[in-house]
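Remarks on the structure that follows.
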Amino acid sequence: MSRRRPQPSVRYAVAEHEGAHQVVDQLHGYALSSHTAREAAEAAARELATDPAVAVVAVEELDAAQGGPAAAERRILRRFGYAWSLRQDEMLGLLREFSHRRLEALVPAGHLALVFSPVGQPYYTTPERFEQLSPRRVRDGEVSFPAADLRRLERPRPALEALPQRERYQPCELHGSRSGGACCAGRASASSVSGASAPPTA
């Protein structure tokens, strides 16, 4: 008889990340808000536990906050990236045809940034997150590139197999999409969403 992996007993919890207190959906690995005070984060977590519809409102507000020439790409980074960073192949897999040319134009224009893992794996991120990462220059022969530690670019992802069978393909209430498809768990191109979804608030 197969043994079911344990599920989080508390869905919305407070986790500290780089000096901020984030309210995290432990089932989907989704950070819904970020606060400077732990008490404020705990109050927000209690509100989510009482009324899950509040989570949908939070997601809509975070989406609406993304503007500028790279608004669509920033929404993808917020939804699917960990700490506002997403591997290049994953980013391309979530965008429409000819997106590679568009991304190549957005980076030199300063609307998006490109950072690398220490072994040279490219990640897209926002200019603000790029500054927070303070990447160091890594030299590979005659070429150098800005690199950040992998743990700051992505986090462990909840595997699809960790969900009970009956929940694996249910629509996620945060996105209206299915867990085995384009959201929340499973394939690399369908990773869970941001681990740093909003700037700290009081």
Side-chain angles (χ1 to χ4, degrees), residues 15-20 22 24-25 28-34 59-159 174-175 177 181-200:
E16 188 172 353
H17 177 66
E18 297 188 353
Q22 297 182 342
V24 178
D25 179 340
H28 297 123
Y30 196 109
L32 288 164
S33 61
S34 185
V59 168
E60 291 173 347
E61 290 177 348
L62 291 170
D63 270 348
Q66 309 312 313
E73 289 78 11
R74 290 176 66 95
R75 280 193 289 271
I76 286 176
L77 286 172
R78 188 198 61 72
R79 290 175 182 173
F80 298 95
Y82 284 82
W84 289 95
S85 303
L86 198 60
R87 273 203 334 254
Q88 185 180 61
D89 61 327
E90 295 178 331
M91 188 77 165
L92 291 171
L94 291 164
L95 288 169
R96 59 187 179 276
E97 193 177 4
F98 305 121
S99 57
H100 195 277
R101 295 180 182 176
R102 174 174 167 80
L103 291 170
E104 284 184 335
L106 288 171
V107 171
H111 303 303
L112 287 179
L114 194 60
V115 66
F116 297 80
S117 71
V119 296
Q121 176 72 49
Y123 285 76
Y124 284 102
T125 189
T126 64
E128 309 92 87
R129 181 58 181 162
F130 185 88
E131 292 298 323
Q132 293 173 358
L133 289 169
S134 299
R136 64 187 185 278
R137 302 298 300 188
V138 172
R139 181 164 293 280
D140 183 10
E142 297 183 357
V143 179
S144 66
F145 52 86
D149 291 340
L150 191 61
R151 63 183 177 82
R152 300 191 68 196
L153 296 173
E154 62 178 37
R155 298 179 183 178
R157 307 178 180 205
L174 300 185
H175 301 86
S177 57
C183 168
C184 297
R187 305 174 319 193
S189 61
S191 58
S192 342
V193 279
S194 174
S197 53

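Keep in mind that the numbers below use all heavy atoms, side chains included, and drop hydrogens, waters and symmetry copies.
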Q | Flag side-chain contact, heavy atom, 4.5 Å: His111 against Glu73 | A | no

Q.
Once rounded to the nearest 0.5 Å, what's the spacing between atom CE of Met91 and atom CG of Leu77?
A. 4.0 Å

**Q.** Pairwise distance CG(Leu86) to OG1(Thr126) - rounded to 0.5 angstrom
**A.** 12.0 Å

Q: Drop me the distance from Leu94's CG to Arg75's CZ, to the nearest 0.5 angstrom.
A: 13.5 Å

Q) Should Asp89 and Gln121 count as side-chain neighbours, where that means a heavy-atom distance under 4.5 Å? A) yes

Q. Should the heavy atoms of other residues, nucleotides or ligands under 6.0 Å from CZ of Arg101 be counted, would the total exceed 12?
A. no

Q.
Looking at every heavy atom in both Leu106 and Pro69, which two are closest together, and how far apart are they?
A. CD2-O, 4.2 Å

Q: Report yes if the side chains of Pro146 and Arg137 come closer than 4.5 Å at any heavy-atom pair, otherwise no.
A: yes

Q | Heavy-atom donor-acceptor pair, Arg129 side chain to Ser85 backbone, under 3.5 Å | A | no

Q. Shortest non-hydrogen contact from Arg136 to Pro118?
A. NH2-CG, 3.8 Å

Q: Could you check if a side-chain atom of Leu114 sits within less than 4.5 angstrom of a side-chain atom of Tyr124, using non-hydrogen atoms only?
A: yes

Q. Leu150 versus Val119: any side-chain heavy-atom pair under 4.5 Å?
A. no

Q) Are the side chains of Arg87 and Leu153 in touch, meaning some heavy atoms are under 4.5 Å apart? A) no

Q) Distance from Asp140 atom CG to Phe116 atom CZ, nearest 0.5 Å? A) 10.5 Å

